[in-house]
Amino acid sequence: MTEPDVSRPGPARPGTTDLRSARPGRPAGGGATPSATGRGGQETGGDAGAGAHLWPGDHGTLPAAARLALARLVRGPYLAADADPDVWRALLTHEDVVRERLCDQYLDLVVDADAQVAFVRDVPAADAPQVVRELNLTFLDTALLLHLRALLLDSADGRVAISRDEAADHLGMYRRRGGGSPMDFTRQLDATWARLIESGMLEPLSGDRCVVSPVLRTVFGADQVAALSAEYARLAKESA
């Protein structure tokens with residue numbers, strides 16, 4: 001039995017994308033928000049008016065707060081209110097103009113007000129260039145993401161933490177499938193764990209524990225998740 005295809009999918013429906021790829025990079029808001037400066041080094045502040053010059057030779061027309069929101073979204077992989085509340089508020093305030101500027105770059109803005117996360121994706125147009133850099137997922141990557149998404153949706157407060165050992169316990173059902181040694185499986189699991197941290201789907205805590213990113217509620221489509229879940233459940237039974 002071959003693995004489910006985890007290559008780049010076709011255009012996604014509005015509000016969703018596929019579970020077969022993920023954006024690399026750490027979540028936005030990992031550090032302090034830099035203050036915008038105007039001519040002579042004076043701060044313009046987040047409420048700078050349209051057309052404010054933030055540096056010598058600046059030809060931009062957006063206020064500083066809107067530019068920061070735009071930059072964080074383009075940098076990716078997503079913007080979260082709890083990690084960067086000031087930039088999140090700026091996005092909500094300037095959402096229309098930020099959305100327009102993203103469209104100029106063939107990017108679509110997705111805002112989940114309930115989960116308080118936002119991210120960008122390629123526009124679903126056949127002749128549009130691929131702008132968002134994606135990370136192809138392995139079999140174990142996808143299996144773990146399916147599990148993490150289920151945990152997140154079942155959580156009463158929308159917050160889930162998981163350890164590497166807990167992930168290993170869940171993925172153990174697929175250990176015999178690859179036919180490799182226990183050491184091979186450990187190396188694959190280590191690579192999966194590191195890749196999901198790098199993509200921003202897991203956010204490190206202390207020790208080997210990580211918080212599951214709330215973006216998993218929104219970024220993957222229900223239809224694709226249902227189809228992949230059924231296939232992975234079947235493969236798990238074959239591996240037992």
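Keep in mind the model is a prediction, meaning the values are calculated, not measured.
To the nearest 0.5 Å, the span separating CG on Leu152 from CG on Leu145 amounts to 11.5 Å. The distance from the CG atom of Leu146 to the CG atom of Leu151 is 11.0 Å, given to the nearest 0.5 Å. In this structure, the separation between CG on Leu109 and CZ on Phe119 is 9.0 Å, given to the nearest 0.5 Å. For the atom pair CZ of Arg195 and CD of Gln188, the computed distance is 9.5 Å after rounding to the nearest 0.5 Å. Taking CG from Asp122 and OH from Tyr106, the interatomic distance works out to 11.5 Å, rounded to the nearest 0.5 Å. Taking CD of Glu203 as the reference point, atom SG of Cys210 lies at 8.5 Å (rounded to 0.5 Å).
Side-chain atoms of Asp108 never come within 3.5 Å of backbone atoms of Arg121 as a donor-acceptor pair (strictly under, hydrogens ignored). A donor-acceptor pair under 3.5 Å is formed between the side chain of Gln130 and the backbone N or O of Val132. At least one donor-acceptor pair under 3.5 Å links the side chain of Arg209 to the backbone N or O of Ala161. Between the side chain of Ser163 and the main chain of Glu166, a donor-acceptor pair closer than 3.5 Å is present.
Counting heavy atoms from C-beta outward, Asp58 and Arg67 have side chains that approach closer than 4.5 Å. Inter-residue side-chain proximity for Tyr78 and Val120 is flagged as unmet; no heavy-atom pair is nearer than 4.5 Å. In this structure, the side chains of Leu107 and Leu73 stay at 4.5 Å or more apart for every pair of heavy atoms. The shortest distance between side-chain heavy atoms of Val160 and Leu148 does not fall below 4.5 Å. Between Ile162 and Trp193, some side-chain heavy-atom pair lies under the 4.5 Å cut-off.
Sorted by first and then second residue, the ring pair (Phe, Tyr, Trp, His ring centres under 6.0 Å) pairs involving residues 148-170 (not counting sequence neighbours) are His147-His170.
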What verdict does the salt bridge (Lys or Arg N to Asp or Glu O under 4.0 Å) test give for Arg164 and Asp190, after you've listed the backbone C-alpha separation in whole Å, the side-chain angles of each residue and the deciding distance to 0.1 Å? CA-CA 8 Å; Arg164 183 197 172 283; Asp190 287 341; 2.7 Å; yes

Is there a side chain to side chain contact (heavy atoms under 4.5 Å, CB included) between Asp84 and Leu79 once you walk through the steps? CA-CA 7 Å; Asp84 209 335; Leu79 175 64; 4.1 Å; yes

Run the numbers on Arg101 and Leu62 for side chain to side chain contact (heavy atoms under 4.5 Å, CB included), then give the verdict. CA-CA 10 Å; Arg101 295 299 175 91; Leu62 295 183; 3.6 Å; yes

Intermediate values then yes/no, side chain to side chain contact (heavy atoms under 4.5 Å, CB included), Val74 and Val131: CA-CA 10 Å; Val74 172; Val131 180; over 6 Å; no

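Of all the heavy atoms in Val123 and Ala128, the pair that sits closest is CG2-CB, 3.5 Å. Nearest heavy atoms, Val111 versus Ala118: CG2-CB, 4.1 Å. Across Thr192 and Leu140, no two heavy atoms sit closer than the pair OG1-CB, 3.5 Å. Shortest non-hydrogen contact noted between Ile197 and Pro204 is CG2-CG, 3.8 Å. Nearest heavy-atom pair, Ser199 versus Pro77, reported as atom, atom and distance to 0.1 Å: O-CG, 3.5 Å. Among all heavy-atom pairs drawn from Leu216 and Met201, the shortest one is CD2-SD, 3.9 Å.
For Asp157, the side chain to side chain contact (heavy atoms under 4.5 Å, CB included) test picks out Ser155, Arg159, with sequence neighbours left out. With sequence neighbours excluded, no residue satisfies side-chain hydrogen bond (donor to acceptor under 3.5 Å, both in side chains) with Asp208.
If you chain together hydrophobic residues whose side chains sit under 4.5 Å apart, Leu205 and Leu196 never meet in one group.
The one candidate from Leu91, Val87, Asp86 that meets the side chain to side chain contact (heavy atoms under 4.5 Å, CB included) condition with Arg89 is Asp86.
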